[in-house]
Amino acid sequence: MSEQRTWVIDCLQKVGEEVLLKGWVHVRRNMGKLIFIDLRDRSGVVQVVCLPNHKEVLAEADKLRPEFVVAIRGKVNARQEKQVNTDLATGTVEIEALEVTILNSAETTPFEVTGDSKTVNEELRMEYRYVDLRTQRMQRNIELRHNVNRAIREYFTANGFWEIETPVISKSTPEGARDFLVPSRKFNGQFYALPQSPQQYKQLLMVGGIERYFQIAKCFRDEETRKDRQPEFTQLDMEMSFVEREDVMALIETMLIQMVQSLTPEKKIQQQPFPRMTYADAMNNYGTDRPDLRKNKNDPDEFAFCWVIDFPFFEKTEDGGWTFTHNPFSAAQPEHREWLMTKEHIGEILTSQYDVVLNGYEIGGGSIRNHQAEALNRVFEIMGYPEEKIQEQFGHMMKAFSFGAPPHGGIALGIDRIVSIFAGEYESIREVIAFPKTAEGRDLLMNGPSAVDQQQLNELGIAIKPKK
Ligand code: ASP
């Protein structure tokens, strides 16, 4: 085992003691007789001083450049009152270096780690994401994301939910976007699809008697370039049995309130319980189904949540047919169930869908589902699917429902968006994703997507046809 290393921030509790620190050279100031090193680790920055009476230390410190990786043994001294640096969390102490060991050198980084990388070209930041991740702002964002995930796990565990992983290579499921496909080598000409969401699996878990499921799930949608969308994104996905709309909404509302209180206590929630609005009222009064209800939009600490409900189930397609507005697996509102079953008043049928909105962003949506095969069948019939297509695409769901499916419902929340709003990073969810892709879906760090070997293509039985 290596010798106990002290985090920079813990030096505050070790005045008078000798410590071993490990980290990166944040800044080095050579004053001739003295050398100051601002040493950084994940916990913060502390000032280290190399004094003339430690010759070897000074000689080694002279070789240091920004971002060199070092181990420094030193004594923690309290600073005199006049020397206290109030800008630094460790500003009341200073480390007197007794030994400096270089663990690795570093090239000059393409941009500075000491500042806020927001002003740096974003493509450069993505290419050198490991450098960008060292900046204080990115470290705080990534830490907040961890804390959001942790709060979710604690909350759902406390409420009797099980965290269950559902498959990532699976079959195409319709959520209104294009699928990412994965060619099968063993079954030439056949494809897996990456999930647009775990929707079908979570419903099948309810048929399986799991009753309460959640997952922090990766979802994949091959959409046209959209400013602040990522081809892969993360959802808090949950589903529960024997519930009505109110139960799911109450559970999620409490979670969001608790999360704000524990993770970002400086934020003020404008109205509790969250106001509710029908889709029709939202469109009439705000011209959008994602109304921003903040009273003072310049106040970074104002949080205005709301629920939007009573969405139309179907909308007209360009060719005069019908398609779903949100989720084909949703149930109609109880009072419109009859219309769904008899395929009447189709444009007036309301879905049980509920969306939750924060400061003008849709952060999640869900619904109570059709747990009876005939009702689900009706949805696809209204959308004009021939019986064979319904069977081929959703036969497994109908079959499952015929074996005693309980009433159930759930929701999915966008974790990237929630963390970005909590962090005050309104411009882009990329600021809270460790390794994001560009708006065009390129990974500039790994350089993906990329061409593959001819042999791999042969194995898959794939020939590339040049795009016209
Ligand atoms: N699967 C839905 C979505 O991804 C969410 C849900 O209805 O639970 O939007």
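Residue numbers count from 1 along this sequence. Atoms within each ligand, like the ligands themselves, are counted from 1 in listed order.
If you number the atoms of ligand 1 from 1 as listed, the ones under 4.0 Å from a heavy atom of Lys202 come out as 6 (C), 8 (O). The ligand atoms of ligand 1 that sit less than 4.0 angstrom from a heavy atom of Arg221 are 3 (C), 4 (O). The Asn327 neighbourhood of ligand 1 comprises atoms 2 (C), 6 (C), 7 (O), with distances under 4.0 Å to a heavy atom of that residue. Shown in contact with Ile411 at under 4.0 Å from a heavy atom are these atoms of ligand 1, numbered in order with element: 8 (O). Residue-ligand proximity, Gly366 to ligand 1, at heavy-atom distances under 4.0 Å covers atoms 6 (C), 7 (O). Counting atoms of ligand 1 from 1 in the listed order, those under 4.0 Å from a heavy atom of Ser197 are 1 (N), 4 (O).
Within the structure, the closest approach of Gln200 to ligand 1 does not fall below 4.0 Å when heavy atoms are considered. Met238 does not count as a contact of ligand 1, since none of its heavy atoms falls under 4.0 Å from the ligand. The closest approach between Gln203 and ligand 1 stays at or above 4.0 Å for every heavy atom of the residue.
Remark: Arg40 fails to qualify as a cation-pi partner of Phe68 under the 6.0 Å distance and 45° angle criteria applied to the six-membered ring.
Considering both main-chain and side-chain atoms, Glu239 never comes within under 3.5 Å of ligand 1 through any nitrogen or oxygen pair. Remark: ligand 1 and Gln196 share no N or O pair separated by less than 3.5 Å (distance only, no angle test).
In this structure, a donor-acceptor pair under 3.5 Å is absent between the side chains of Asp416 and Gln230. Of the N and O atoms on the side chains of His336 and Glu348, not one donor lies less than 3.5 Å from an acceptor on the other residue. Residues Arg145 and Thr234 bring a donor and an acceptor atom of their side chains to less than 3.5 Å of each other.
Each of Leu39, Thr90, Leu88, Val27 was compared with Val45 under the side-chain contact (heavy atoms from CB on, under 4.5 Å) criterion, and only Leu88 meets it.
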Run the side chain to side chain contact (heavy atoms under 4.5 Å, CB included) test on Thr325 and Gln353 for me, step by step, so that the C-alpha distance in whole Å, both residues' side-chain angles and the decisive distance to 0.1 Å come before the verdict. CA-CA 10 Å; Thr325 62; Gln353 177 81 23; over 6 Å; no

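With sequence neighbours excluded, the residues satisfying salt bridge (charged side-chain N to carboxylate O under 4.0 Å, His left out) with Glu232 are Lys218, Lys437. By the salt bridge (charged side-chain N to carboxylate O under 4.0 Å, His left out) test, Asp310 pairs with Arg245, sequence neighbours left out.
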